[in-house]
Number of protein chains: 2
Amino acid sequence: MPTPLPQDLSTTQRRDAILEQLQRQGVVRVRDLAKHFAVSTVTVRADLAAMEEEGLLRREHGGAVRTLPGRTLLTSLSGMEERQGLNSTQKRAIAAAAARHVRPRDIILIDAGTTAVEMVPFLTEVDDITIVTNALNVAAAVGAHLRCRLILLGGTYSRTSSSTLGPQALHALSEFNISRLFLGTQAFDAASGLTDTTTEIAQMKRAMIDASREVYLLADSSKWEKAGFIKVAPLGKVHHVLSDSALPACAIRAIKEAGPRCEIV
Amino acid sequence: MPTPLPQDLSTTQRRDAILEQLQRQGVVRVRDLAKHFAVSTVTVRADLAAMEEEGLLRREHGGAVRTLPGRTLLTSLSGMEERQGLNSTQKRAIAAAAARHVRPRDIILIDAGTTAVEMVPFLTEVDDITIVTNALNVAAAVGAHLRCRLILLGGTYSRTSSSTLGPQALHALSEFNISRLFLGTQAFDAASGLTDTTTEIAQMKRAMIDASREVYLLADSSKWEKAGFIKVAPLGKVHHVLSDSALPACAIRAIKEAGPRCEIV
DNA sequence: TGCGCAAAACGAAAGCAAATGAAAGTATGC
DNA sequence: GCATACTTTCATTTGCTTTCGTTTTGCGCA
């Protein structure tokens with residue numbers, strides 16, 4: 001029974017309780033919530049509408065679902081492991097393989113994204129590295145696991161990507177001589193190369209690629225042949241693609257033809 | 001029964017009792033409190049309004065709720081929680097007073113430090129503000145509480161201050177036209193002005209002061225006549241000093257002579 | 001597949017009681 | 001006297017419900 005308190009609650013308490021339930025179960029239904037809190041469905045819908053407005057959830061017919069980027073920076077940092085759920089073992093394996101490419105005295109750039117951040121705990125062994133990033137979750141992970149030098153690119157904070165973007169970020173990036181870039185992506189295929197969701201993100205990733213001597217793409221097999229909205233770069237710009245064994249053979253062939261080495265973990 | 005004392009109490013006693021009950025239960029209701037203390041609902045509402053001003057609780061329709069313990073993950077990374085403890089009620093009151101100076105469309109710069117970060121939850125009311133900061137805990141708090149534009153200054157991450165410093169941070173700062181700066185300090189007195197612990201921090205704060213049209217110093221009374229190591233700026237560079245009522249009268253006199261207005265909360 | 005229909009969910013509007021803020025009034029104390 | 005603490009009064013707002021007409025969904029049937 002997930003029904004400990006059917007009693008009379010204030011509005012915010014009810015909304016907090018809805019959020020909590022949503023966080024636990026992933027979905028909530030208007031009908032159930034109305035019954036559970038002994039209020040009308042109209043009230044529940046108003047609650048959901050208000051919280052959708054704040055970006056805390058996404059409504060759909062019959063109820064609401066959890067928004068993927070997590071509730072806030074707070075949970076996006078703390079609830080990271082639980083959240084990224086699917087493919088998380090593959091992602092960690094890919095990240096571990098990527099970390100093995102890092103050499104002492106490297107200056108590495110780590111992109112925002114759930115895969116690349118997983119590299120951080122695997123970097124404890126490498127001496128005297130400098131990590132540059134525009135992602136706050138990467139910064140938090142570095143702060144928690146490593147003692148190395150950490151440089152943050154500034155810029156306008158984007159909640160959806162939990163990273164900084166825009167002209168300030170681009171300019172800051174231009175100052176560094178990066179030895180290796182570890183890049184994530186929303187989608188990639190042979191025809192369009194890497195694609196992503198917004199122009200700002202795409203612009204940032206392009207600048208990252210241009211600023212780096214060696215580019216590693218960390219992309220689990222689920223990203224293959226998914227079509228993103230905005231083109232980031234052709235596959236030829238990438239030097240290494242790291243993915244998992246579920247990546248089809250034809251994909252591997254297509255990638256190698258386009259240029260990058262392909263490393264399957 | 002949570003009703004040990006239905007007897008006649010002074011205002012402050014009643015308010016303390018309300019706070020205590022709030023701390024225990026998480027929520028209190030105007031109707032119940034009025035009954036419990038045998039006063040009118042108007043009086044209770046006045047109590048709650050006064051305590052909300054000081055940041056001790058958050059009002060809502062029908063009553064009030066506890067303000068979140070504000071545990072924003074990033075603070076747990078930087079060992080900030082322990083430092084937070086001391087004088088935290090004063091700090092929040094100072095922060096609440098500082099937040100009242102913010103106007104719609106302001107571009108405000110918030111310094112790293114335990115006091116200034118407390119401002120964030122009080123900024124929900126102000127429309128269309130832009131927050132610039134070099135402090136990761138401020139960024140986390142903004143992400144958790146506000147929907148406004150947030151700009152991060154990049155730079156080399158300093159673990160002790162949990163903020164970014166160095167040439168990149170200084171350069172990023174030079175791009176902005178800041179309307180108000182909310183600054184913390186390690187120590188201040190009449191002779192040396194503001195003082196701090198490292199040259200990097202001092203340099204950053206000096207640049208912040210120079211970049212801002214109006215400078216607010218948030219310093220609880222415990223900072224007065226503590227001697228910091230590095231000079232940051234004379235008191236004359238600051239326009240407003242916000243502190244608590246434990247600041248001695250001679251300090252207030254000295255501050256006013258040096259230039260700044262003095263606001264005691 | 002595609003179509004049609006009933007149940008469910010939805011948004012907008014109207015109504016109601018509780019809660020609220022502002023203003024004016026009443027004790028009590030220095 | 002003035003100040004403080006509290007109260008009553010009253011118009012307004014808030015949170016919630018009911019009602020009603022519309023849209024969406026699931027399911028049976030071809």
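Chain A is the first sequence line, chain B the second, and so forth, proteins listed ahead of strands; every chain is numbered from 1.
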Step by step, would you call A:T197 with A:Q186 a side chain to side chain donor-acceptor pair (under 3.5 Å)? CA-CA 7 Å; A:T197 49; A:Q186 284 295 314; 5.5 Å; no

Nearest-nucleotide comparison on DNA chain D, the residue closer to the 5′ end among B:H61 and B:T41: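 Of the two residues, B:T41 wins.
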
Within less than 4.0 Å of OP1 or OP2 of [N], is there a side-chain N or O belonging to [X]?
{"X": "A:R31", "N": "D:dT25", "result": "no"}
{"X": "B:R14", "N": "D:dC6", "result": "yes"}
{"X": "A:R59", "N": "C:dA9", "result": "no"}

For A:T11, answer base if it contacts any base atom (sugar-phosphate contacts may also be present), sugar-phosphate if it contacts only those atoms, and nothing otherwise; contact means non-hydrogen atoms under 4.0 Å.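 Sugar-phosphate: the residue A:T11, judged by heavy atoms under 4.0 Å, touches backbone atoms but no base.
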
For A:V39, which contact category applies under a 4.0 Å heavy-atom criterion: base, sugar-phosphate, or nothing?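 Counting heavy atoms under 4.0 Å across all strands, the contact made by A:V39 is with sugar-phosphate only.
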
Output the rounded distance in Å from [atom1] ([X]) to [atom2] ([N]).
{"X": "B:R45", "N": "D:dT9", "atom1": "CZ", "atom2": "P", "answer": "15 Å"}
{"X": "B:L48", "N": "D:dC6", "atom1": "CG", "atom2": "P", "answer": "13 Å"}
{"X": "B:D47", "N": "D:dT7", "atom1": "CG", "atom2": "C1'", "answer": "14 Å"}
{"X": "B:Q13", "N": "D:dC6", "atom1": "CD", "atom2": "P", "answer": "11 Å"}
{"X": "A:E52", "N": "C:dC10", "atom1": "CD", "atom2": "C1'", "answer": "13 Å"}
{"X": "A:R29", "N": "D:dG26", "atom1": "CZ", "atom2": "P", "answer": "10 Å"}
{"X": "A:E60", "N": "D:dT23", "atom1": "CD", "atom2": "C1'", "answer": "16 Å"}

Among [options], which nucleotide sits nearest the side chain of [X]?
{"X": "A:V42", "options": "D:dT8, D:dT18, D:dC16", "result": "D:dT18"}
{"X": "A:T43", "options": "C:dT20, D:dT17, D:dC6", "result": "D:dT17"}
{"X": "A:S40", "options": "C:dC10, D:dT18, C:dG21", "result": "D:dT18"}

Work out which heavy atom in B:S245 is nearest to a heavy atom in B:I264; give both atom names and the distance.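 Closest pair (atom of B:S245, atom of B:I264, distance): CA-CG2, 3.4 Å.
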
In terms of side-chain geometry, is the basic nitrogen of B:E20 or B:R24 positioned less than 4.0 Å from the acidic oxygen of its partner?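 Salt bridge: yes.
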
Thinking salt bridges, do B:R105 and B:D128 make one under a 4.0 Å N-O criterion?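 Salt bridge: no.
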
Between B:H240 and B:H101, how do the two ring planes meet: parallel, tilted or perpendicular, split at 30° and 60°?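 Tilted, since the angle between the ring planes falls between 30° and 60°.
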
